[in-house]
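Reckoned from all heavy atoms, side chains included, excluding hydrogens, waters and symmetry mates.
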Amino acid sequence: MPLPSKPLTVTDLQKMKSRAERIACLTAYDAGFARVLDEAGIDIVLVGDSLGMVVQGHDTTIPVTMADMLYHTRCAARGVSRAMLMADMPFLSYTDPEVALSSAGKLLQEGGASIVKLEGNSRQADVVSRLSREGIPVCAHLGLMPQFVHKLGGYRMQGKDQASADAMRKDAALLAEAGADLLLLECVPASLAETITREVTLPVIGIGAGPGCDGQILVLHDILGITPGRTPGFAKNFLAGRRGIPEAVQAYVQAVRDGSFPSAS
């Protein structure tokens with residue numbers, strides 16, 4: 001199928017879910033890599049606050065500021081033409097609906113993003129609703145939420161017991177009802193992610209959440225084998241055995257599309 005000539009929208013992603021066409025996503029933090037991803041057929045380029053760890057060298061995403069996010073989003077925006085550009089809302093930039101509106105507005109108006117992502121459970125429903133009413137597309141992020149690392153006690157799988165799994169399913173439904181356009185599930189059991197993907201109408205993107213989601217996302221550095229420190233167990237080096245980064249990204253896109261990544265094991 002030929003790639004569309006105009007930028008993807010949340011409506012396009014919803015159609016992909018309805019056609020059971022898997023959505024391929026990666027992070028990028030500058031124009032050069034964003035262009036490589038765009039040309040390889042990536043559907044969503046995420047300017048993630050993961051830049052705090054893989055670009056700035058911090059131990060967490062918490063030091064990342066709105067100024068950082070605006071700078072890197074502006075850079076990445078110059079490299080995309082087809083992919084949807086998503087930007088993370090950094091720590092403490094969405095503490096209430098009005099603060100969130102100001103922050104998200106900057107990422108769209110000044111940064112060039114077309115959708116924002118925020119972490120949090122159904123307590124963020126008011127924020128999601130406020131942004132949605134003002135025409136700002138939102139991706140809600142459940143499961144392992146890196147901005148909550150100090151509360152969670154580390155980077156651990158979430159939703160493993162019945163109570164927390166039921167709570168996550170309820171959160172997903174409430175965030176969808178509040179107006180979220182996408183849902184990202186990070187580090188949750190594959191069976192739970194598959195259940196949530198079936199239960200909600202919006203597209204669900206997984207990272208470390210098994211093969212049952214509507215799409216997959218990874219940090220770019222992970223698929224290139226250049227992540228500082230320990231690489232997450234759910235990641236895969238797509239550069240190994242290939243001739244360069246564009247070929248590695250193309251291989252990742254193909255693996256997501258045909259369902260060979262992630263494997264069911």
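- Between Glu110 and Lys106 there is no salt bridge, since no side-chain N of the basic residue sits under 4.0 Å from a carboxylate O of the acidic one.
- Taking each heavy atom of Gly259 and Arg22 in turn, the nearest pair found is CA-NE, 3.8 Å.
- Between Ala104 and Ile136, the closest heavy-atom pair is CB-CD1, 3.9 Å.
- With respect to Asp38 and Arg82, no salt bridge is recorded, no charged nitrogen being found less than 4.0 Å from a carboxylate O.
- Residue Glu177 qualifies as open at atom CD: its count of foreign heavy atoms under 6.0 Å is 12 or below.
- Between His72 and Asp30 there is no side-chain heavy-atom pair separated by less than 4.5 Å.
- For Lys17, the salt bridge (Lys or Arg N to Asp or Glu O under 4.0 Å) partners two or more places apart in sequence, or in a different chain, are Asp214.
- Counting all heavy atoms, side chain and backbone alike, Arg156 lies closest to Gln158 at O-NE2, 2.9 Å.
- With salt bridges taken as basic N to acidic carboxylate O contacts below 4.0 Å, one links Arg257 and Asp43.
- When side chains are defined from C-beta on, Val116 does not count as touching Asp88, because their heavy atoms never get closer than 4.5 Å.
- Residues Ile245 and Leu224 form a side-chain contact, since some pair of their non-hydrogen atoms from C-beta on lies under 4.5 Å apart.
- Side chains of Ser129 and Asp126: no donor on one and acceptor on the other come within 3.5 Å.
- In terms of the ring pair (Phe, Tyr, Trp, His ring centres under 6.0 Å) criterion, residue partners of Phe238 (sequence neighbours excluded) are, by chain and number, Tyr252, Phe261.
- For the residue pair Ser132 and Ala178, the shortest heavy atom distance occurs at CB-O, 4.2 Å.
- Counting heavy atoms of neighbouring residues, nucleotides and ligands inside a 6.0 Å radius, atom CG of Asp59 does not exceed 12 of them.
- Looking at Leu51 and Met69, their side chains come closer than 4.5 Å, going by heavy atoms from C-beta outward.
- In this view, Asp222 and Thr227 satisfy the side-chain hydrogen bond (donor to acceptor under 3.5 Å, both in side chains) rule, not counting sequence neighbours.
- Residues Val249 and Leu26 have side chains in contact (heavy-atom distance under 4.5 Å, counting atoms from C-beta outward).
- Annotation for Cys75 and Tyr29: closest pair CB-O, 4.2 Å, computed over non-hydrogen atoms.
- Within a 6.0 Å sphere centred on OH of Tyr71, other residues, nucleotides and ligands contribute 12 heavy atoms or fewer.
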